[in-house]
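Worksheet for the structure shown next.
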Number of protein chains: 2
Amino acid sequence: MTTVLESATLGLVTPDTRSDTRRRMIHGAARAIGTRGVGAMSLRDLAKEAGVPLGSTYHHFPGGKAQLAEEAVTSTGRRVAKLVESAREQGIDGAIAAFTRVWRELLVETDFRTGCPVLAVATGDDPELTETARGIFASWQDLMVAGLVDGGVPAERAPGLARMIVASLEGAVAVSRAERSLEPLDQVSAELITLVQAARS
Amino acid sequence: MTTVLESATLGLVTPDTRSDTRRRMIHGAARAIGTRGVGAMSLRDLAKEAGVPLGSTYHHFPGGKAQLAEEAVTSTGRRVAKLVESAREQGIDGAIAAFTRVWRELLVETDFRTGCPVLAVATGDDPELTETARGIFASWQDLMVAGLVDGGVPAERAPGLARMIVASLEGAVAVSRAERSLEPLDQVSAELITLVQAARS
DNA sequence: GTCTATACGAAGATAGAC
DNA sequence: GTCTATCTTCGTATAGAC
């Protein structure tokens, strides 16, 4: 059984999801952040959705809202990184496609109401969360760099292209939300494939 | 002198800035939205920064927070559109450079604390503001389409490229904020120039 | 017409009953 | 250990004094 002490002392070292409640709250928090941003995310709503009293939030997350937001964003970062990493077997095009698919499915699932929670905290004003976002963007870019180099893109062009891939798809998710259409995301994804293709030769 | 009646009846038709106070509050609102998002924007803070009592906010903006946010975002949209439109004399590269420069200067001015307010409302959960963001993105994309076609890009490729330009630079501003560096924005801008160049031939 | 004072609700967080 | 009830703060909005 998870104790308060364990959560408090091991939380940052092993930010896994030890209980169903924790898992549900982290998932709900990621959704809420992607939908409304951290500021407008309400712990009351999250607790209600997870079916637990508000007070329990502070049992599972002694650090309160800050800890929950942090874990929600890092959890999303790791999950997406794993999907992209797996798809690297199909080359850089596969990695781009996998990254695109994550956001595509999120947009469809939520009827364009929810976007990337990492972008949300990157555009917020909490310095700690901004730093977390930086690290996650960096990890995604590193995966793309590896894929690009494997795919025959010159090493000196790879970092710029990797930034382009992450930044443009993050922006495309936002534009797709505004337009309530998958077209922006799909078009950007297609443009990226041609851009990478051109960089190969 | 501006009356409440005029503001209420003409607000949406002629959303100009009739007084210094209005101007200052709209400017402050745009900054706050770009920094923290609409939800975390406080009318108290805005009034304090503008040097007016909180109550005066509702004299100048009878529609309250919603009206102020709406005017702040549309004001930014028009201002940026004008800058891009002017730069189209220097071709599509000039338009991309102008769009890049707007956000570059904002990031430097605010030490990476403030991004594009249009992206902020596009990633928020207010449907009215999301629709406003859609219209502004569309206006920017239309300008890019015109520039691309003028620059010799085939008409059928122009819309996709225009979306790519707007989406990738919007995303790049967010990544630049997270990294506290202009490198992402500048690299994306450079990649866009090469992408457009390739599309010309 | 301008601004002070306040109403009212919702937020995060916590104390303490069980 | 879990959850109820509450504390404090801060948000938007407004009523009414001047």
Side-chain angles (χ1 to χ4, degrees), chain A residues 1-11 18-26 28-29 32-33 35-73 120-121 124-126 128-129, chain B residues 1-11 18-26 28-29 31-33 35-72 120-121 124-126 128-129:
Chain A
M1 193 52 190
T2 307
T3 68
V4 176
L5 185 61
E6 278 170 6
S7 288
T9 53
L10 301 178
R18 277 173 297 273
S19 72
D20 261 8
T21 300
R22 266 185 75 83
R23 238 188 303 274
R24 272 203 308 274
M25 293 206 70
I26 288 174
I33 292 171
T35 307
R36 283 179 284 279
V38 179
M41 169 181 82
S42 153
L43 296 189
R44 280 185 160 79
D45 290 349
L46 288 178
K48 182 172 288 184
E49 278 176 40
V52 297
L54 175 61
S56 297
T57 305
Y58 295 88
H59 168 68
H60 296 289
F61 304 93
K65 187 176 190 172
Q67 182 187 353
L68 182 47
E70 170 85 22
E71 292 200 29
V73 174
V121 301
D125 69 341
D126 183 321
E128 300 235 5
L129 287 175
Chain B
M1 193 53 192
T2 307
T3 67
V4 175
L5 185 61
E6 277 170 8
S7 288
T9 53
L10 301 178
R18 278 173 297 272
S19 73
D20 262 8
T21 300
R22 266 185 74 83
R23 238 186 303 273
R24 272 204 309 274
M25 293 207 70
I26 288 175
R31 286 298 175 97
I33 292 170
T35 307
R36 285 179 282 279
V38 180
M41 170 181 82
S42 153
L43 296 189
R44 275 187 162 84
D45 291 350
L46 254 49
K48 182 172 286 185
E49 280 176 38
V52 297
L54 175 62
S56 297
T57 305
Y58 295 87
H59 168 68
H60 296 289
F61 305 93
K65 188 178 191 171
Q67 182 187 352
L68 183 46
E70 170 85 21
E71 292 200 28
V121 300
D125 68 342
D126 183 321
E128 298 235 5
L129 287 174

- Starting at the 5' end of nucleotides 7-18 of chain C, put B wherever the base has a protein heavy atom under 4.0 Å, S where only the sugar-phosphate does, and a dash everywhere else. ----BBBB----
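Checking the phosphate oxygens (OP1, OP2) of D:dT2, no side-chain nitrogen or oxygen of A:Ser56 falls inside 4.0 Å. One finds no side-chain N or O of A:His59 lying less than 4.0 angstrom from the OP1 or OP2 phosphate oxygen of D:dG1.
Residues A:Val121 and A:Leu129 share a closest heavy-atom pair of CG2-O, 3.7 Å.
In this structure A:Ser56 satisfies the side chain to side chain donor-acceptor pair (under 3.5 Å) test with no other residue, sequence neighbours excluded.
The distance from atom CZ of B:Arg36 to atom P of D:dC10 is 14 Å, rounded to the nearest whole Å.
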Please tabulate, for the side chains in residues 36-48 of chain A, all donor-acceptor contacts under 3.5 angstrom to protein atoms that are two or more places apart in sequence or on a different chain.
| from | atom 1 | to | atom 2 | distance (Å) |
| --- | --- | --- | --- | --- |
| A:Ser42 | OG | A:Arg44 | N | 3.2 |
| A:Ser42 | OG | A:Asp45 | N | 3.2 |

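Under the 4.0 Å criterion applied to side-chain N and carboxylate O atoms, B:Arg31 and B:Glu49 are not assigned as salt-bridge partners.
A 4.5 Å side-chain heavy-atom check between B:His60 and B:Val52 finds every atom pair outside the cut-off.
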